[in-house]
Every structure is written in C-alpha cells, then in structure tokens.
Amino acid sequence: MKVLVIGGGGREHALVWKLAQSPRAARMWCAPGNAGIAAERLASNGSPVECVAIGAEDLPGLLAFAKGQGADLTVVGPDNPLGMGIVDLFQENGLRAWGPNRQAARFEASKSFSQEFMEKHGIPTARSGTFTESDQASRFAAALGGRCAVKADGLALGKGVLICRNMAQADDAIDAMLNRGEFGEAGRRVVIQELLEGMEVSLHALCDGHVARVFPTSQDHKRALDGDEGPNTGGMGTYSPAPFLDEAELVAVTQKIIEPWQRGCAADGIDFRGILYPGIMLTREGPKVLEFNARFGDPETQVYLPRLQSDLLELLDASARGALSDHQLEWSSQACVCVVMASEGYPGSYPKGRPIAGLEEAATLPNVKVFHAGTKSVDGVVVTSGGRVLGVTAWADDLAQARDLAYDAVKRIRFEGAQFRNDIAAKALQPGNRR
Ligand code: AMP
Ligand code: GLY
C-alpha cells in the first residue's frame with residue numbers, strides 16, 4: 001500500500017515509525033513531517049519515508065498530492081484537518097482517508113456538541129452550561145462558587161481551557177473569551193464545567209463506525225513543571241499502563257462511557273471511524289469525561305505504539321473500511337514511558353534553530369526510541385523548530401525500569417534551554433499504587 005501521513009509532530013513520528021513496520025507498506029510520505037520522520041525506512045523494502053512540504057491544513061494541496069501519487073490510504077494525525085473535513089473531501093474525490101469525517105470530528109471540534117451529546121446519552125461528565133453572554137456565564141460560574149473550567153467551544157490548539165478556583169478568576173476567563181476575544185472565533189461561545197477532582201487518565205478506542213476496540217490505559221502530564229505546577233501544555237510526558245485502573249475497572253469504564261457513546265452515535269446517525277480519545281477524571285463518584293478528542297493523543301501515541309503488537313496499517317485500514325470486527329489489538333505486557341524535551345519558554349514563545357546533540361548516542365540504547373516533534377534538518381544538523389522538540393521513549397518489563405531508561409536517554413541529549421519534567425510516571429510509582 002502507498003500511505004500518506006498528515007502532520008509533523010511526535011504523534012506523527014510514532015505513527016510513521018509503526019506504520020513503516022507493516023509488511024503491507026510499500027511507499028510512505030509524510031506532510032509536512034520532521035527530521036526524525038525523514039530518517040525512517042520501510043521494513044518491507046528499505047525505502048525511505050519521504051517528507052513533503054505541504055502543511056497539515058492545506059487541504060487542496062494534500063488532496064492534489066495524494067491523487068497525483070495514487071495514495072491508497074491517508075492517515076490524518078492532527079485535529080484541525082479533521083475538523084475542516086479532510087476525510088469527506090478525500091472521499092468525495094475517490095480517495096480513502098483514515099479519521100473521523102467532519103460530522104464525527106465535532107466531538108473534538110465543538111465542546112458544546114460533546115457536552116449535549118453526553119447529557120442526552122447518559123455519559124457521566126461534569127455539570128456544565130454553554131454560553132455566549134458573559135452575564136449568564138458569570139451567573140453559572142457563581143452557582144459553582146467560581147470553581148470551574150471555562151472552555152472555548154471550538155478548537156484552540158489545546159490552549160482553550162482556563163481552570164478557575166474563585167469568582168475573580170472565572171470572571172476574568174469569561175471576559176477574556178466572550179468580551180475581549182482573546183481566543184478568537186473558538187472562544188465566542190464557552191462551555192463552563194464544574195471543577196472535577198481526581199486522577200486524570202487518557203483512554204483511546206479505535207472505532208470503525210460499529211466496533212470500538214479499547215486501548216490499555218495511559219496518563220499524560222499536562223502541566224509544564226514538576227509536581228503538576230506551571231501552565232497547561234500539549235503534554236510533557238506519558239506512560240502506559242497507568243496503575244489507577246485495573247483490567248476490571250477498565251471494563252467498567254468502557255461500559256459507562258464507550259458503550260453509551262456507541263449507542264448514542266448509532267441513534268444520532270454519527271459514523272465515527274477513527275480514534276475516540278476521552279480525557280477521564282476518576283472522581284469519588286466514578287469516572288467522568290472531561291472532554292472528547294477525535295484523534296490519537298500526543299504524546300499518548302508515543303507510549304501506545306511501542307506496546308502495540310498488531311500491524312497498525314491493517315488496523316487503520318480496517319477502521320476506515322468499517323471492518324474492525326475481524327481484528328483484535330494485541331499489546332505487549334511491557335511498560336512504556338515518554339519524556340518530552342521542550343524548548344526554553346514553552347508553552348509560551350520559544351526560540352528555534354538550536355542544534356541538538358546526542359541523538360546518535362541515545363539511539364544506541366536498547367529499547368529506546370527518540371520520537372521527533374519539533375525538529376528539522378539544516379545542512380545535515382538536526383535543530384529545534386517547535387515547542388515540544390523530542391519525545392524520548394523507552395520500554396521495559398516494568399514501569400520503574402522503563403522510566404530509568406527514558407531518563408538515561410534524556411541525559412545524553414542536549415540543546416540549549418532544553419526543559420523537561422523529572423517526574424514523568426512518578427505518581428504511578430508511589431507506594432500504594434497497584435502494579
Ligand atoms: P481539556 O482540553 O478539556 O481536556 O482540558 C485541558 C485540561 O484541563 C484537562 O486535561 C484537565 O487537566 C483540565 N480540566 C478540564 N476540564 C476540567 C474540569 N471540569 N475539572 C477539572 N479539570 C479540568
Ligand atoms: N495529550 C494531550 C492531547 O493529545 O490532547
């Protein structure tokens with residue numbers, strides 16, 4: 001098969017790396033890709049993965065490229081092209097793209113849509129309201145004592161959620177979105193949720209319109225600094241499995257969240273083919289959905305795919321064709337840890353173009369894979385080119401060993417101003433946690 005992957009972050013490097021292992025992959029492109037992706041080769045015939053300079057949101061450019069090359073399957077990584085309807089556009093032009101269509105991508109593209117869906121179909125979530133007027137929004141926040149999450153309704157590159165613990169913060173957040181326009185179009189409507197307390201975990205389910213295959217658990221670390229301090233980021237590190245849900249509890253969560261979601265999709269005529277990624281809070285009253293994403297998590301993908309034993313290309317192809325009932329997902333029992341190395345200043349503004357040393361040395365370690373996120377190659381030197389730069393990933397028989405190995409690799413990699421968290425997976429290793 002000839003495969004085009006869209007995106008150029010750590011998630012897409014992990015996707016390309018795993019897809020390239022498939023015996024069915026005969027040729028692969030990535031648009032726009034990055035320096036790490038450009039260094040991958042296909043297992044079947046040794047040919048390199050070719051990066052092409054087309055942006056992930058340039059839908060006409062991507063369509064023309066896929067058509068011209070006769071791509072058999074286009075795998076869409078990021079949420080924006082999905083929300084823009086890339087899957088529908090490809091279908092209308094006789095091409096197959098993997099990911100939810102525009103209607104199904106609304107689970108991520110519109111928080112108010114998701115919230116109404118969850119309320120309608122009995123999926124446990126936070127108490128919430130949707131507003132376009134700041135006075136009404138403020139009254140709702142006041143009823144919650146100011147303890148709330150104020151969320152831009154639309155896509156805001158993962159930055160559209162403001163956590164408030166008192167009325168002053170809530171009013172400022174509401175004002176920023178609804179009156180000051182600081183979140184653009186995405187923030188012209190807001191969803192306000194009660195603040196949920198508990199442990200947060202990520203779920204992923206691969207869907208084909210009928211069947212949903214649930215992944216093992218993982219946990220992200222959203223805050224920039226150790227101890228969950230500092231601003232929210234796209235994610236500073238992940239590990240899998242997370243010990244806060246055992247097998248039986250994962251089945252229970254699936255019954256409470258994924259199954260009613262599937263029944264709701266069937267009832268409402270939503271044909272969801274792709275990854276459903278609910279962010280879940282394990283509260284004292286049980287698991288509750290914080291939000292739905294409609295794509296692979298980043299950096300969750302970096303810890304899932306090294307554990308996946310099945311052929312990812314087969315699975316995504318089956319998901320797009322509605323044929324997942326013939327496929328099971330096989331997972332290794334090993335644990336996997338990914339530590340993100342980010343640029344100085346991230347998640348705020350950051351410099352680019354800083355040379356990265358030590359990549360070759362890290363690559364010599366067994367059971368380590370350094371996924372590139374924001375990198376590019378300039379005259380043969382790999383330099384930083386994004387906020388999140390690398391996802392240093394390692395796997396081993398248990399979580400403690402996987403974490404030690406990941407940090408051993410991190411120590412060997414250097415670039416000026418590199419920042420990373422020192423406590424990825426630490427919560428899972430505290431005494432008293434299972435596994
Ligand atoms: P979201 O993009 O909706 O997942 O929100 C980003 C982050 O904000 C989540 O990963 C949580 O850590 C936090 N968050 C969102 N909604 C809530 C909520 N209702 N209660 C507590 N924390 C939340
Ligand atoms: N890991 C956070 C995200 O992908 O949204």
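Start at 1 and go down the list; that is how both ligands and their atoms are numbered. Values in this document were obtained by computation on a predicted structure and should not be read as measured data.
Residue contact check: Lys151 has heavy atoms under 4.0 Å from atoms 3 (O), 15 (C), 16 (N) of ligand 1. Those atoms of ligand 1 with a heavy atom of Gln193 less than 4.0 angstrom away are 16 (N), 17 (C), 18 (C), 19 (N). When each atom of ligand 1 is checked for a heavy atom of Glu194 under 4.0 Å away, the hits are 18 (C), 19 (N), 20 (N). Close contacts between ligand 1 and Lys111 involve ligand atoms 2 (O), 3 (O) [criterion: under 4.0 Å to a heavy atom]. Atoms of ligand 1 found under 4.0 Å from any heavy atom of Met281 (numbered from 1 in listed order, with element): 21 (C), 22 (N).
For residues 264-290, the set of pairs meeting the ring-ring contact (aromatic ring centres under 6.0 Å, His included) definition, not counting sequence neighbours, comprises His204-Tyr277, Trp261-Phe272.
With respect to Glu40 and Lys369, a salt bridge is recorded, a charged nitrogen being found less than 4.0 Å from a carboxylate O. A salt bridge links Asp298 to Arg388: one of the charged nitrogens lies within less than 4.0 Å of a carboxylate oxygen.
Here the straight-line distance linking atom CD1 of Ile275 with atom OG of Ser319 works out to 7.5 Å at 0.5 Å rounding. Between atom CG of residue Asp88 and atom CZ of residue Arg102 there is a gap of 7.0 Å, rounded to the nearest 0.5 Å.
By the 30° and 60° cut-offs, the orientation of the rings of Phe65 relative to Trp29 is perpendicular. His13 and Phe371 have perpendicular rings, their planes meeting at more than 60° on a 0 to 90° scale where under 30° would count as parallel.
Among protein residues, Asp220, Gly234, Tyr277, Arg295, Gly297, Asp298, Pro299, Glu300 come within 4.0 Å of ligand 2, judged on heavy atoms.
Heavy atoms of Glu197 come nearer than 4.0 angstrom to ligand 1 in no pair at all.
Judged by a 6.0 Å distance limit and a 45° cone about the ring axis, Arg106 is positioned over the six-membered ring of Phe113.
Looking at Asp220 and Thr238, their side chains never bring a donor and an acceptor atom within 3.5 Å of each other.
Contacts with ligand 1 closer than 4.0 Å are made by heavy atoms of both the backbone and the side chain of Leu195. Contacts with ligand 1 closer than 4.0 Å are made by side-chain heavy atoms of Ile163 only, the backbone lying farther away.
Geometrically, ligand 1 and Leu196 share a nitrogen or oxygen pair separated by less than 3.5 Å.
Checking Lys288, Glu200, Lys222 against atom 12 (O) of ligand 1, the nearest heavy atom belongs to Glu200.
In this structure, Leu359 and Val382 have side chains that are in contact, with non-hydrogen atoms separated by less than 4.5 Å. Using a 4.5 Å heavy-atom threshold, the side chains of Asp317 and Glu314 count as separate.
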